[in-house]
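Working notes, structure below.
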Amino acid sequence: MGDPVTVQTAPTVQSAPPTPPTAAAPYAELARQLTGIGAVTRELARSLPPDCPPGAAAVLTLLDRHGEMRLSRLTEFMGVDISVTSRHVTHIADRGWIERETDPGDGRCRILRLTPAGRALLSELGARCTASLEGALHDWSPQDVHVLNTLLARLRSSF
């Protein structure tokens with residue numbers, strides 16, 4: 001008979017016990033998920049017409065949601081420098097999507113207001129965004145979409 005074969009086994013390595021989740025763990029995961037929402041937003045922005053960049057669409061949306069306002073208030077809503085807001089306003093005013101009228105209370109200021117063309121564009125933007133979401137979420141159940149809508153609205157109202 002031949003020599004017996006010796007089988008060597010690797011030494012047993014004790015792994016560290018799993019770290020118990022902390023109370024903050026779900027919030028850390030939520031922060032990671034919200035960071036990923038930027039990719040969704042960028043993809044939705046691809047559905048915008050070439051002459052309506054995301055900043056212009058944001059201005060139109062804010063004017064639709066909050067009504068006519070001064071540039072300074074719009075800048076607060078957008079959370080950007082007034083020069084950035086001013087560029088967006090000029091862009092959309094040049095296309096006839098908003099009008100800028102002198103503020104009767106302060107002739108140095110302008111009141112920004114959507115035009116019918118701006119409202120029509122917003123309707124088109126909404127249809128494009130809806131179509132993009134329908135395409136991306138085609139395999140989601142209506143219930144899942146409803147739950148997401150409910151939770152996102154709840155999240156937004158918490159801030």
Side-chain angles (χ1 to χ4, degrees), residues 19 21-159:
T19 307
T22 66
Y27 299 101
E29 178 58 23
L30 179 58
R32 282 190 290 280
Q33 292 299 330
L34 289 175
T35 300
I37 293 295
V40 174
T41 303
R42 285 187 298 279
E43 189 59 37
L44 289 174
R46 288 184 179 91
S47 70
L48 296 173
D51 62 341
C52 185
V59 168
L60 294 171
T61 301
L62 287 167
L63 288 172
D64 184 54
R65 184 174 297 144
H66 299 285
E68 63 184 40
M69 67 183 77
R70 290 180 176 182
L71 181 67
S72 57
R73 183 164 182 237
L74 180 61
T75 297
E76 290 172 16
F77 277 122
M78 293 190 66
V80 296
D81 187 77
I82 197 164
S83 66
V84 174
T85 306
S86 182
R87 280 193 300 275
H88 292 312
V89 165
T90 298
H91 178 84
I92 63 177
D94 288 349
R95 283 154 182 77
W97 299 332
I98 64 167
E99 56 189 14
R100 297 178 279 192
E101 292 186 4
T102 302
D103 184 344
D106 183 348
R108 299 169 298 167
C109 297
R110 303 269 185 207
I111 298 292
L112 309 174
R113 178 181 303 113
L114 281 174
T115 63
R119 290 193 190 286
L121 177 62
L122 269 175
S123 180
E124 178 189 339
L125 298 180
R128 287 173 178 241
C129 184
T130 298
S132 292
L133 287 168
E134 284 176 336
L137 306 180
H138 70 277
D139 57 345
W140 285 41
S141 72
Q143 177 64 23
D144 285 346
V145 175
H146 175 75
V147 168
L148 179 61
N149 284 330
T150 301
L151 292 174
L152 286 173
R154 186 174 170 193
L155 175 67
R156 197 174 65 231
S157 71
S158 295
F159 285 87

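- Residues satisfying the side-chain hydrogen bond (donor to acceptor under 3.5 Å, both in side chains) criterion with N149, sequence neighbours excluded, are absent altogether.
- Residue pairs meeting the ring-ring contact (aromatic ring centres under 6.0 Å, His included) criterion with at least one partner in residues 22-55, sequence neighbours excluded, do not occur; the list is empty.
- In terms of heavy-atom proximity, S47 sits nearest to S132 at CB-OG, 3.4 Å.
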Distance-only criterion, 3.5 Å: show the donor-acceptor pairs between side-chain atoms of residues 48-64 and protein atoms not counting sequence neighbours.
from: T61; atom 1: OG1; to: A57; atom 2: O; distance (Å): 2.8
from: D64; atom 1: OD1; to: R119; atom 2: NH1; distance (Å): 3.1

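- With rounding to the nearest 0.5 angstrom, the CG atom of L148 is 7.5 Å from the CG atom of L137.
- The structure places OG1 of T115 at 9.0 Å from CD1 of I92, a figure rounded to the nearest 0.5 Å.
- Qualifying side-chain hydrogen bond (donor to acceptor under 3.5 Å, both in side chains) partners for Q143, counting only residues two or more places apart in sequence or in other chains: none.
- Applying the ring-ring contact (aromatic ring centres under 6.0 Å, His included) test to residues at least two apart or on different chains, none of the pairs has a partner in residues 123-149.
- T102 places no side-chain N or O within 3.5 Å of a backbone atom of R110 that could act as its donor or acceptor partner.
- Considering only residues two or more places apart in sequence or on other chains, R42 meets the side-chain hydrogen bond (donor to acceptor under 3.5 Å, both in side chains) condition with none of them.
- For the side-chain contact (heavy atoms from CB on, under 4.5 Å) with L112, the lone residue among R100, E68, E101, E99 that qualifies is R100.
- Judged purely by distance below 3.5 Å, without hydrogens or angles, the side chains of R95 and H91 pair a donor atom with an acceptor atom.
- Here the side chain of T41 pairs a donor or acceptor atom with the backbone of I37 at under 3.5 angstrom.
- Note that the CH2 atom of W97 and the CG atom of L114 stand 11.5 Å from one another [nearest 0.5 Å].
- The line from CG of L44 to OG1 of T130 is 9.5 Å long, rounded to the nearest 0.5 Å.
- Checked against salt bridge (charged side-chain N to carboxylate O under 4.0 Å, His left out), D94 has no partners two or more places apart in sequence or in another chain.
- By the side-chain hydrogen bond (donor to acceptor under 3.5 Å, both in side chains) test, E124 pairs with R128, sequence neighbours left out.
- Applying the salt bridge (Lys or Arg N to Asp or Glu O under 4.0 Å) test to residues at least two apart or on different chains, none of the pairs has a partner in residues 149-159.
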| task | Step by step, work out the side chain to side chain contact (heavy atoms under 4.5 Å, CB included) result for L133 and V145. | result | CA-CA 10 Å; L133 287 168; V145 175; over 6 Å; no

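- Partners of R65 under the salt bridge (charged side-chain N to carboxylate O under 4.0 Å, His left out) rule, at least two apart in sequence or in another chain, do not exist in this structure.
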Just distance, no hydrogens or angles: give the donor-acceptor pairs under 3.5 Å from side chains in residues 71-79, sequence neighbours left out.
from: T75; atom 1: OG1; to: L71; atom 2: O; distance (Å): 2.9
from: T75; atom 1: OG1; to: T85; atom 2: OG1; distance (Å): 3.2

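- For D144, there are no salt bridge (charged side-chain N to carboxylate O under 4.0 Å, His left out) partners, not counting sequence neighbours.
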